[in-house]
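Please read these numbers as outputs of a predicted model, since none were measured by experiment. Counting starts at 1 for both ligands and their atoms, following the listed order.
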Amino acid sequence: MPTAHNSAAKGDFAKTVLMPGDPKRARYIATHFLENARLVNDVRGIQGYTGSYKGTPVSVMASGMGMPSMAIYSYELYHFYDVENIIRIGSAGAISERVNLRDLVVGMGASTTSRFAHQYDLGGDYSAICSYPLLESCMRTAARLSLTEKTFAGNILSSDAFYGETPEMIQKWSAMGVLAIEMEAAALYMNAAAAGKHALCICTVSDQLLNDEHLSGEEREQGFTDMMRLALETAVDLEK
Ligand code: HPA
């Protein structure tokens with residue numbers, strides 16, 4: 001069903017959709033990894049493609065940056081396009097000493113600085129968590145791809161203010177065992193929960209915020225290959 005933000009027809013999306021933040025990355029994945037990829041949405045340049053990977057139908061569409069943007073696109077995919085599984089593939093800033101540049105962080109839980117959960121009027125603090133079947137499939141796939149040593153599953157923080165991440169705030173979240181900061185997972189997880197669907201966030205560590213290390217632009221491009229393979233192979237594993 002076309003919406004104000006998505007011109008795709010019902011049936012244009014596969015059961016599983018990978019969502020990078022960046023539309024250019026969506027196009028990169030579609031052209032380099034998917035067979036028979038066709039563009040199904042380009043409203044606001046939020047490119048969405050559907051094709052197949054090793055015979056499994058897979059879609060990839062950008063989420064844009066931040067929770068409100070992710071929330072609009074994922075809500076529509078779940079509710080109007082019958083999508084079952086959304087796997088966010090993004091970048092994150094590590095705030096754990098165990099986690100290094102280029103490592104992969106899988107968000108079991110997504111804490112947040114946002115008030116997104118208040119829309120549900122629950123009267124308490126909601127714990128946004130990933131889908132266990134997706135997590136299990138992802139970790140099994142990581143082992144099969146020999147990525148276990150660089151893959152860390154745990155709590156992540158979905159921040160609303162990229163430039164509000166102060167050293168004090170980073171220390172506090174780090175001391176609670178949170179592994180990394182990104183900006184979309186909590187909205188995705190809550191949308192999935194409210195829709196009775198499945199979501200997982202996998203991030204490549206592009207920044208180590210504890211010691212101010214950052215990947216270069218070129219390394220950011222290359223460093224994402226492991227995450228893309230992990231997400232695509234997880235989409236295939238889910239079909240088994
Ligand atoms: N903060 C939030 N999101 C991010 C970061 C960060 O430091 N790095 C990559 N995505």
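- Between E136 and R140 there is a salt bridge, since a side-chain N of the basic residue sits under 4.0 Å from a carboxylate O of the acidic one.
- Y78 and E76 share no donor-acceptor pair across their side chains, judged by distance under 3.5 Å alone.
- Legend: residues meeting salt bridge (charged side-chain N to carboxylate O under 4.0 Å, His left out) with D207, ordered by chain and number and at least two apart, are R220.
- When every heavy atom of Y189 is checked against every heavy atom of G109, the shortest pair comes out as CE2-C, 4.3 Å.
- Protein residues with a heavy atom under 4.0 Å from ligand 1 are S91, A92, G93, F162, E165, I181, E182, M183, S206, D207, L209.
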> When you look at R98 and L179, which way does the side-chain contact (heavy atoms from CB on, under 4.5 Å) test go after all the steps?
Replying inline: CA-CA 8 Å; R98 292 160 53 218; L179 301 177; 3.7 Å; yes
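- The closest side-chain donor-acceptor pair between D237 and S137 falls under 3.5 angstrom.
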